[in-house]
Student: 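Just passing along the structure, written as structure tokens.
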Amino acid sequence: MADAAGELADEIARGRTERVGHYEIERLLGSGGMGEVFLARRRGGDFEQRVAIKLLRGLPTRELTDRFSRERRVLASLAHPNIAALIDGGETEAGTPYLVMPFVEGKPIDVFCRSRNLGAREIIELVLPVLDAVGHAHRRLVVHRDIKPANVLVDTEGRPMVLDFGIAKILGDAGSNVTGTGRQLLTPMYASPEQIRDEPISTSTDVFSLGVLLYELCAGAHPWASDHPSPLELAKRICEMDPPTPSSVRASSMTEARQSQRALWADLDAVVMNALRKEAERRYASVDRFADDLRRALDGRAVTARPDTISYRASK
């Protein structure tokens, strides 16, 4: 009944929403569990601005309103060139909360990498600003909790932008990891073991999700790839099974390029697998440490994710 009421409220809202504050709605860009995002335009005397407006979906329950307010507080606290910042916010005449953010015209990061057939070095260079943006959020005690390709868009200038802090958690906040209907706040394919088990969330949660993202970009396949896995099977893979290394599943057409960069791929495998450790305390202590190891790999220096043997250091 709640779902049906929410869908009806969405239809009513879509039918009557033509203007939000100073912004004219043009078209629907996408929708998620909590909100719908529209392309809108603000026209002034001598300027015009295109923006993305996120409107609360369905009935404005206390739970949804609180989560929407939390997202607004999170975005207001962040200022990073690779995070889509908050421009404006408020309520419509009907009392529906909304957020105004820059409109990012681009592609999801996985689509961008495939369309340009990027190699390991180019992928690392593209992902490093994403890690810096997430690290910026962590230093402000914000955990994203939903890092995935759809939430990292690469704009027309080749700049990655981190979007959608809709289920972000402020560390120290007593907010629950589940909704009032018992639904967990996560995207299963990119969730960490502690999210699956509904254990306490930390910045290490984002380290794991970033590891999944980097694995997928480098390997060309998801670490938990399977033909229509059941929720139980997927949860078991995430919590108990280690995937093969990214280089071992990279498309066969990249074999020659992989061999010419064998040292980089060996280091990259170690870095990614370290970020994907099941135990949160065994992953990188921070996103900054993760990024530092990737920079070491690019520079041909020893990475901390590999055993500190004499032969390895000598090879470097």
Side-chain angles (χ1 to χ4, degrees), residues 80-83 106 109-110 112-139 144 147 149 152-155 157-162 203-221 223 242-251 253-277 280-316:
H80 190 279
N82 297 100
I83 294 178
I109 192 169
D110 58 336
F112 181 87
C113 290
R114 285 197 303 270
S115 66
R116 305 212 174 187
N117 198 24
L118 298 186
R121 183 170 293 274
E122 292 80 12
I123 289 172
I124 294 172
E125 291 173 344
L126 182 65
V127 167
L128 279 172
V130 177
L131 269 65
D132 288 341
V134 176
H136 170 81
H138 288 179
R139 287 188 288 276
H144 189 286
I147 295 168
V152 183
L153 296 187
V154 183
D155 66 18
E157 298 178 359
R159 179 180 58 175
M161 299 292 293
V162 179
T203 55
S204 189
T205 298
D206 283 348
V207 170
F208 187 92
S209 298
L210 286 165
V212 176
L213 176 68
L214 183 56
Y215 184 108
E216 188 171 11
L217 298 181
C218 292
D242 289 326
T245 59
S247 65
S248 67
V249 296
R250 181 73 172 177
S253 60
M254 293 297 293
T255 300
E256 185 177 341
R258 185 168 70 242
Q259 289 178 347
S260 67
Q261 302 180 51
R262 185 171 297 173
L264 175 59
W265 274 102
D267 286 343
L268 181 56
D269 281 346
V271 171
V272 172
M273 300 306 285
N274 193 50
L276 291 180
R277 290 188 182 275
E281 65 276 7
R282 295 185 64 200
R283 298 173 206 147
Y284 287 104
S286 68
V287 172
D288 293 336
R289 294 279 184 88
F290 189 179
D292 182 59
D293 242 8
L294 287 176
R295 293 188 178 96
R296 285 174 173 270
L298 285 180
D299 296 340
R301 294 181 290 144
V303 299
T304 63
R306 294 188 66 175
D308 191 18
T309 61
I310 294 175
S311 60
Y312 175 58
R313 287 207 165 270
S315 71
K316 292 297 181 183

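It should be emphasised that the depicted structure is a prediction, and the values quoted were computed from it without experimental measurement.
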Student: Can you see which heavy atom on Y215 is nearest to which on M273, and at what distance?
Tutor: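 Y215 and M273 have their closest heavy atoms at CE1-SD, 4.5 Å.
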
Student: Could you check whether D288 pairs with R139 (Lys NZ or Arg NE/NH1/NH2 to Asp/Glu carboxylate O, under 4.0 Å)?
Tutor: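 Yes, charged N to carboxylate O under 4.0 Å.
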
Student: In sequence, state the C-alpha distance, the side-chain angles, and the governing distance for H144 and V162, and then conclude on side-chain contact (heavy atoms from CB on, under 4.5 Å).
Tutor: CA-CA 10 Å; H144 189 286; V162 179; 3.9 Å; yes

Student: Find the distance between NE2 (H80) and NE2 (H136) and round it off to the nearest 0.5 Å.
Tutor: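 With rounding to 0.5 Å, NE2 (H80) is 6.5 Å from NE2 (H136).
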
Student: Please walk me through it: do D132 and R295 pass salt bridge (Lys or Arg N to Asp or Glu O under 4.0 Å)?
Tutor: CA-CA 12 Å; D132 288 341; R295 293 188 178 96; 3.0 Å; yes

Student: What distance separates D267 CG from S247 OG, expressed to the nearest 0.5 Å?
Tutor: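 It is 11.0 Å, given to the nearest 0.5 Å.
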
Student: Can you see which heavy atom on L217 is nearest to which on C113, and at what distance?
Tutor: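 Looking at all heavy atoms of both residues, the shortest contact is CD2-SG, 4.0 Å.
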
Student: Is D110 salt-bridged to R114, cutoff N-O under 4.0 Å?
Tutor: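 Looking at D110 and R114, the cut-off is met.
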
Student: Kindly say whether V130 contributes a backbone atom to a donor-acceptor pair with the side chain of N82 at under 3.5 angstrom?
Tutor: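 Not at all, since once roles are kept as given, no pair shorter than 3.5 Å links the two residues.
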
Student: Donor-acceptor pair, distance only, cut-off 3.5 Å: does the side chain of R296 make one with the backbone of V303?
Tutor: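 Pair absent, no side-chain N/O of R296 close to backbone of V303.
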
Student: Show the nearest heavy-atom pair for residues P81 and M161, with the distance to one decimal.
Tutor: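 Answer, listing the atom of P81 first, then M161: O-SD, 3.3 Å.
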
Student: If you look at every heavy atom in L264 and A120, which pair is closest and at what distance?
Tutor: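 So the two residues come closest at CD2-CB, 4.1 Å.
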
Student: For A280, does its backbone N or O pair with a side-chain atom of S204 as donor and acceptor, under 3.5 Å?
Tutor: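 Yes, S204 side chain to A280 backbone: donor-acceptor pair under 3.5 Å.
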
Student: Rounded at 0.5 Å granularity, tell me how far CZ in R306 sits from CG in D293.
Tutor: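 With rounding to 0.5 Å, CZ (R306) is 11.0 Å from CG (D293).
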
Student: Between L268 and I123, is any pair of side-chain heavy atoms under 4.5 Å apart?
Tutor: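 Side-chain contact under 4.5 Å: no.
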
Student: Find out whether E216 and P149 are in side-chain contact, i.e. whether some heavy atom of one side chain is under 4.5 Å from a heavy atom of the other.
Tutor: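 SC-SC contact between E216 and P149 confirmed.
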
Student: Taking all heavy atoms of D269 and all of P246, pick out the closest pair and write down the distance.
Tutor: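 The answer is OD1-CD, 3.1 Å.
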
Student: If we only count heavy atoms from C-beta on, is the L131 to L214 side-chain gap below 4.5 Å?
Tutor: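 No. Closest side-chain heavy atoms not under 4.5 Å.
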
Student: Which heavy-atom pair separates A302 from Y312 by the least distance, and what is that distance?
Tutor: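 Heavy atoms of A302 and Y312 come nearest at CA-OH, 3.5 Å.
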
Student: Would you indicate whether R289, at its atom CZ, is surrounded by more than 12 heavy atoms from other residues, nucleotides or ligands within a distance under 6.0 Å?
Tutor: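 It does not: R289 CZ has 12 such atoms or fewer within range.
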
Student: Could you tell me whether R116 atom CZ has more than 12 heavy atoms of other residues or ligands within 6.0 Å of it?
Tutor: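 Open.
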
Student: With no hydrogens and no angle check, is any side-chain donor or acceptor of Y284 less than 3.5 Å from a backbone partner on A291?
Tutor: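 It does not hold such a pair.
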
Student: So if I apply the side-chain contact (heavy atoms from CB on, under 4.5 Å) rule between E122 and each of L126, L118, I124, which one comes out positive?
Tutor: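 For E122, the side-chain contact (heavy atoms from CB on, under 4.5 Å) check succeeds only for L118.
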
Student: Can you confirm whether E281 is buried at CD, in the sense that more than 12 heavy atoms of other residues, nucleotides or ligands lie under 6.0 Å from that atom?
Tutor: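 Count over threshold, so yes.
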
Student: With side-chain contact (heavy atoms from CB on, under 4.5 Å) as the test, would you mind laying out the steps for V207 and T203 before giving the verdict?
Tutor: CA-CA 7 Å; V207 170; T203 55; 5.8 Å; no

Student: Is a side-chain donor or acceptor of D206 paired with a backbone partner of I147 at a separation under 3.5 angstrom?
Tutor: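 Looks like no, no N/O pair under 3.5 Å.
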
